[in-house]
S.K.: 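Below you'll find the structure I mean.
Proteins get letters first, then strands, A, B, ... in listed order; numbering begins at 1 in each. From a predicted model like this one, the values you see are computed outputs, not experimental measurements.
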Number of protein chains: 2
Amino acid sequence: MVSEMRTPRGMRDFAPEEKLVRNELIGKLVQVFEHYGFVPIDTPLLERWEVLSAKYSGGDEILKETFSLTDQGGRELGLRYDLTVPLARFVAGNPMMKMPFKRYQLGSVYRDGPIKLGRYREFWQCDVDIVGSYSMLADAECILLANRVFASLGLDVEIHVNNRKLLNSLLIKAGVKDERAADFLLSVDKLKKIGLDGVREELISKDYNVKAIETVLHLLTKQLSAKELLTEMENILGKDNEGIVELNELFSHISSENVIFSPSLARGLSYYTGTVFEVFIKDGSFTSSLSAGGRYDNMVGNFAGSGKEIPAVGISFGLEPIIEVLRLKSMLVPKKTTTKLMLIPMKGFETDATHLAEELRASVNVEVDLMGRSVGKSSEYAKSLGIPFSIVIGENEVNKQLYDVKNMETGEKTTVKKQDLASFFSS
Amino acid sequence: MVSEMRTPRGMRDFAPEEKLVRNELIGKLVQVFEHYGFVPIDTPLLERWEVLSAKYSGGDEILKETFSLTDQGGRELGLRYDLTVPLARFVAGNPMMKMPFKRYQLGSVYRDGPIKLGRYREFWQCDVDIVGSYSMLADAECILLANRVFASLGLDVEIHVNNRKLLNSLLIKAGVKDERAADFLLSVDKLKKIGLDGVREELISKDYNVKAIETVLHLLTKQLSAKELLTEMENILGKDNEGIVELNELFSHISSENVIFSPSLARGLSYYTGTVFEVFIKDGSFTSSLSAGGRYDNMVGNFAGSGKEIPAVGISFGLEPIIEVLRLKSMLVPKKTTTKLMLIPMKGFETDATHLAEELRASVNVEVDLMGRSVGKSSEYAKSLGIPFSIVIGENEVNKQLYDVKNMETGEKTTVKKQDLASFFSS
């Protein structure tokens, strides 16, 4: 192959055996999303640069990794880096929308960042968001939905839950100024990745007060049960603290043991304002999160430009990490095709094979040999793709309208009348 | 809304009622594609510029309309303008692939061109292609597949078929030089759009011999039946002409009356080498083509760089024109949601409603009011979305485990036991 004839760096093709797995997974996600009353939307892959760089959008860090381009009219555009900013723009552009607006969106997003193992420049997100409700019922719904998604995939997960308001209160209590709280939390969010020492170092380099750093980190990393931790926070901040109130209400709607309070969870994005959550594999066999989200009550209203706050909460599922986990746990059943039957015409019976295929294709997935190959070669091809049945079409078959259906795995043959063929394959 | 907070020029959002229609249509296409034994692949939205501009790719005209950008590593990229070039690259990169490779791909493609009514800069293509077979059985399969796609959509179509080899022979016979034939055909392809006089003018301006122009145009626009036209071509070029032989073989595999010979069909893309086809609404109520394709035996091998020809034939369905036709013919059933049931909790019964929803969501699409609204307001919301049923959740319902299911259209109420609710909605 000519060497430049590859995919762009950090981007991949998906061969049929991978795409079929992705389609199946997407089908399962969509089914759960719709069981929760979410409806689909679609938005362009490209957004105006003004949208991607708006206040309360993804922030400077993400903009540095955003693919930018200019159209023929000289207008600056960028490839979307998430599905949340497009949602905010969409809602802002539809002021007559009925609330709550519960939408799901699936699609690729782009980050022109460093490429590491398992990190790509094009990857899929599957997002559900509820716009218009301040109720903790909405936050609970996102968490319950995530819980069901992973149950439906057969994955045991833990859903870590925290609240930005609680974190902010802790920081203020420790002496961190309000406007510097968000940046503090960006470092805290890296606890899992770079460890306690790494976070301490980063915060010191960001010039935060050392005592404040120690106070907060000590609290957030106490080896206590989730319940004990929440009580400890209540003791420090008081039962009336907004973050505590919201967390208690949220937990009252949820009875699953998979959902636990995790006080050090901050989430990397600056736009979160309340509940934040992140989903991990329970047995720790995979450390990246599979899904994450939270409440962001400022962003959408900002896009609407009306000065009115429009509350929102949502969760995003990463197709890539979920597939990676399923593969690690050998829970993916690979298949190369959905074709059930291969018709192999003898020389001169190609048209007959095509006509028979046409009849069956109302309900059965059928391939006809297109290469003029021998029965042996065609059978090899069918076997290599895992097509389970084949029929050779020749004079006998056409005259008698009786077909020997060969099971490609066992070699066993069953004679089936023409009119019974379709039902033979649909059973 | 802030005025810059819109979609990029020529690109659109799809609201739920539009996206649901698109999803349903895509589902139907995919089902037919798999009945014909095609398997899905996916490729990046971005391609290297070298790929998009390679010889035998889309050609200079398309490159002028291609969005280009540069990644952080300084590498030139472009947004794909079709799904055929990515397929050629994919096949070239997988030399061990079993042939024929029958793949389908669905996704958006991009053209930074002028915006007219019904023309967008982002639009969806749904492609099926067969790589590796020279047999006219493959061409027939694409045409039969298209025929079934439109039958499954309830649309009466005509599939126009021609062969580039036949056109080239006619041009050579009329004195047009081989290397100038492709450009001649680009003009001929505009017959429907700009009429006979327009095509004549364009060819004259391209400096073709006037007599050659007249000879060819006279032939291609004769008012004869498809059968008579093919006979006429046979008389001029001889029965052994490769284009004639291929067309006769192709038609021998197809018995549908929707498929007709159309000698003036050329197709705008320069990479076609043999059969070309294009699908139109039979009653002429919509003039744009809904689907088109053809054989391109040079492109894939060129990408492989091995000097070996790799034959291919395929067809592309345009999601946008198909939806436009279905809308024109009032054949789309609009719906705003797939939600079946709205649960409306009385104050204090929100958690009970959530728990009931959780139970039903194993099989039923359920929304719970998240706005703390009155029964009246919540019912209005449910009606505006077309949610067919609602249940009010209060003390009575929770204690007795008996629920009044309200039909939102008729107002009729049915009392259903808790354990019978799921089956009530799945029937």
S.K.: Rounded to the nearest 0.5 Å, what's the gap from CZ on A/R22 to CD1 on B/I41? Could you check?
M.R.: 12.5 Å
S.K.: Quick check against the 3.5 Å criterion: does A/R48 have a side-chain atom that pairs as donor or acceptor with the backbone of B/T7?
M.R.: yes
S.K.: Please find the pair of heavy atoms, one from A/L46 and one from B/M11, that lie closest to each other, and give the distance.
M.R.: CD1-CE, 3.2 Å
S.K.: Please name the pair of heavy atoms, one in A/F101 and one in B/P16, separated by the smallest distance, quoted to 0.1 Å.
M.R.: CE1-CG, 3.8 Å
S.K.: Nearest 0.5 Å, please: how far is CD in B/E380 from NZ in A/K98?
M.R.: 7.0 Å
S.K.: So which of A/K102, A/R75, A/H355 has the largest heavy-atom pair count under 4.5 angstrom toward chain B?
M.R.: A/K102
S.K.: For A/R373 and B/M99, which heavy atoms make the closest approach, and how far apart are they?
M.R.: NH1-O, 2.8 Å
S.K.: With side-chain contact (heavy atoms from CB on, under 4.5 Å) as the criterion, how do A/E141 and B/L370 come out once you've worked through the C-alpha distance, each side chain's angles and the decisive distance to 0.1 Å?
M.R.: CA-CA 9 Å; A/E141 197 160 282; B/L370 302 173; 3.9 Å; yes
S.K.: With chain B, which of A/L385, A/V368, A/T337, A/L144 has the greatest number of heavy-atom pairs at distances under 4.5 Å?
M.R.: A/L144
S.K.: A/L77 versus chain B, heavy atoms under 4.5 Å apart: side chain, backbone, both or neither?
M.R.: side chain
S.K.: Count the heavy-atom pairs under 4.5 Å between each of B/D352, B/L341, B/V39 and chain A, then report the option with the highest count.
M.R.: B/V39
S.K.: Please classify the contact of B/N147 with chain A as side chain, backbone, both or neither, using a heavy-atom distance under 4.5 Å.
M.R.: neither
S.K.: Working to the nearest 0.5 Å, report the span between CG of B/L360 and NE2 of A/H35.
M.R.: 10.0 Å
S.K.: Which atoms of A/V364 come close to chain B, meaning under 4.5 Å heavy atom to heavy atom: side chain ones, backbone ones, both, or neither?
M.R.: backbone
S.K.: Please classify the contact of A/I130 with chain B as side chain, backbone, both or neither, using a heavy-atom distance under 4.5 Å.
M.R.: side chain
S.K.: Below 4.5 Å from any heavy atom of chain A, which atoms of B/M136 appear? Answer side chain, backbone, both or neither.
M.R.: neither
S.K.: Top residue by heavy-atom pair count (under 4.5 Å) with chain B, among A/A357, A/G372, A/A362?
M.R.: A/A362
S.K.: If we ignore hydrogens and angles and just use 3.5 Å, is the side chain of A/T338 paired with the main-chain N or O of B/E34 as donor and acceptor?
M.R.: no
S.K.: Select one option (side chain, backbone, both, neither) describing which atoms of B/L137 are under 4.5 Å from chain A's heavy atoms.
M.R.: both
S.K.: Locate the shortest heavy-atom distance separating A/T339 from B/G37; write the atom from each residue and the value.
M.R.: OG1-CA, 3.3 Å
S.K.: Under a 4.5 Å heavy-atom cut-off, does chain B meet the side chain of A/R121, its backbone, both or neither?
M.R.: side chain
S.K.: Under a 4.5 Å cutoff for heavy-atom pairs, which residue among A/S133, A/S363, A/P40, A/S255 has the most contacts with chain B?
M.R.: A/P40
S.K.: Where does A/Q105 contact chain B at under 4.5 Å (heavy atoms): side chain, backbone, both or neither?
M.R.: neither
S.K.: Going by residue number, which parts of residues 67-74 of chain B are within reach of chain A, meaning a heavy-atom gap below 4.5 Å?
M.R.: B/F67, B/S68, B/L69, B/D71, B/Q72
S.K.: In terms of heavy-atom pairs under 4.5 Å with chain B, which of A/F38, A/Y134, A/F90 leads?
M.R.: A/F90
S.K.: Which value, rounded to the nearest 0.5 Å, describes the distance between A/F33 atom CZ and B/N365 atom CG?
M.R.: 13.0 Å
S.K.: Which residue, B/R361, B/E358, B/E367, forms the side chain to side chain donor-acceptor pair (under 3.5 Å) with A/Y36?
M.R.: B/E358
S.K.: Answer with yes or no whether the side chains of A/T354 and B/H253 bring together a donor and an acceptor at under 3.5 Å.
M.R.: no
S.K.: Quick one: closest heavy-atom pair of B/E47 and A/R6, and the distance?
M.R.: OE1-O, 4.5 Å
S.K.: Quick one: which of B/P100, B/P95, B/P86, B/S252 has the most heavy-atom pairs under 4.5 Å with chain A, could you say?
M.R.: B/P100
S.K.: Pair B/D42, A/R12 - check salt bridge (charged side-chain N to carboxylate O under 4.0 Å, His left out), show working.
M.R.: CA-CA 9 Å; B/D42 220 349; A/R12 296 161 297 165; over 6 Å; no
S.K.: So which of A/A15, A/S152, A/S135, A/G10 has the largest heavy-atom pair count under 4.5 angstrom toward chain B?
M.R.: A/A15
S.K.: Please look at A/S108 and chain B and tell me whether the side chain, the backbone, both or neither of the residue comes under 4.5 angstrom of a heavy atom of that chain.
M.R.: side chain
S.K.: Can you tell me which portion of A/K340 sits under 4.5 Å from chain B's heavy atoms? Options are side chain, backbone, both or neither.
M.R.: neither
S.K.: Of the backbone (N, CA, C, O) and the side chain (C-beta and beyond), which part of A/E350 lies under 4.5 Å from a heavy atom of chain B, both, or neither?
M.R.: both
S.K.: By a 4.5 Å heavy-atom criterion (distance strictly below it), what part of A/L79 contacts chain B: side chain, backbone, both, or neither?
M.R.: side chain
S.K.: At a 4.5 Å cut-off on heavy atoms, which part of A/M342 comes close to chain B: side chain, backbone, both, or neither?
M.R.: neither
S.K.: Closest approach of A/P44 and B/E122, non-hydrogen atoms and distance?
M.R.: CA-OE1, 3.0 Å
